[in-house]
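Inspection log for the structure reproduced underneath, given as structure tokens.
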Amino acid sequence: GAGVSQTPSNKVTEKGKYVELRCDPISGHTALYWYRQSLGQGPEFLIYFQGTGAADDSGLPNDRFFAVRPEGSVSTLKIQRTERGDSAVYLCASSLISGITTGELFFGEGSRLTVL
Amino acid sequence: QKEVEQNSGPLSVPEGAIASLNCTYSDRGSQSFFWYRQYSGKSPELIMSIYSNGDKEDGRFTAQLNKASQYVSLLIRDSQPSDSATYLCAVAMDSNYQLIWGAGTKLIIKP
């Protein structure tokens with residue numbers, strides 16, 4: 001596609017429920033990142049994929065969070081037993097190679113998650 | 001803990017003036033520095049990157065880096081109302097794909 005696509009754009013759920021957030025990166029981009037952004041804060045790193053594998057998942061806050069990218073393109077962020085503190089905008093970004101060497105991450109519009 | 005600090009603002013600048021945004025970072029090993037612009041309710045977009053000491057100019061934007069002082073800045077000349085946004089500073093070590101982000105400075109350009 002022309003840009004990074006994220007769905008849903010908004011998700012409201014109840015505490016304890018399971019949520020999946022989807023990211024479709026720019027075609028051909030091998031690097032994919034998930035970030036979380038709270039109001040008035042910068043993005044917080046969650047996980048980085050290079051191809052199909054999670055090269056670094058050190059930013060995932062706990063074992064309720066998991067992400068996959070089975071075919072090296074679309075990625076899904078999965079959150080189990082959601083808590084109110086999980087409420088944030090979840091941003092996905094992709095880049096042609098490692099984002100740092102090119103300096104440019106292309107972000108999707110984000111998925112706003114609200115846990116009631 | 002690696003940190004990137006920015007004044008949260010808001011920074012109010014008259015239209016046509018120069019807007020100066022500042023960022024300091026804690027990790028002396030940092031090698032790559034980026035400025036992203038984020039409009040309200042939108043995602044960040046890269047506007048400038050800088051890797052070596054000195055100035056880098058791109059149109060109305062100039063990024064300045066001083067590694068000795070651990071300081072990076074962004075100057076916006078001839079500020080326009082459309083420049084009103086939050087500007088995020090992001091820093092990375094050369095071999096590390098993880099960007100460390102500041103909280104951003106909100107810039108308001110007054111017509």
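Per chain, numbering begins at 1; letters A, B, ... match sequence-line order.
- A chain of hydrophobic side-chain contacts below 4.5 Å, direct or via other Ile, Leu, Val, Met, Phe, Trp or Tyr residues, connects A:Leu113 to A:Leu46.
- Clustering ILVMFWY residues whenever any of their side-chain heavy atoms sit less than 4.5 angstrom apart, transitively, puts A:Val89 in a cluster other than the one holding A:Leu60.
- A 6.0 Å sphere centred on NZ of A:Lys17 holds no more than 12 heavy atoms belonging to other residues, nucleotides or ligands.
- Using a 4.5 Å cut-off between heavy atoms, A:Gln37 contacts chain B through its side chain alone, with no backbone atom that close.
- The backbone N or O of A:Gly108 sits less than 3.5 Å from a side-chain atom of B:Ser43, completing a donor-acceptor pair.
- Hydrophobic clustering, with ILVMFWY side chains joined whenever heavy atoms are under 4.5 angstrom apart, keeps A:Leu32 apart from A:Leu91.
- Under the 4.5 Å side-chain heavy-atom criterion for Ile, Leu, Val, Met, Phe, Trp and Tyr, B:Ile100 and B:Trp35 are members of the same hydrophobic cluster.
- B:Leu99 and A:Tyr35 get closest at one heavy-atom pair: CB-OH, 3.9 Å.
- Annotation: the span from A:Leu105 atom CG to B:Tyr36 atom OH amounts to 3.5 Å, rounded to 0.5 Å.
- If you take CG on B:Leu88 and CD on A:Gln41, they are separated by 10.5 Å, rounding to the nearest 0.5 Å.
- Residue A:Ser38 does not touch chain B at all, counting heavy-atom pairs closer than 4.5 Å.
- The structure places NZ of B:Lys42 at 15.5 Å from CZ of A:Phe107, a figure rounded to the nearest 0.5 Å.
- Hydrophobic clustering, with ILVMFWY side chains joined whenever heavy atoms are under 4.5 angstrom apart, keeps A:Val68 apart from A:Trp34.
- Of the atoms belonging to B:Gln38, it is side-chain heavy atoms, and not backbone ones, that fall under 4.5 Å from chain A.
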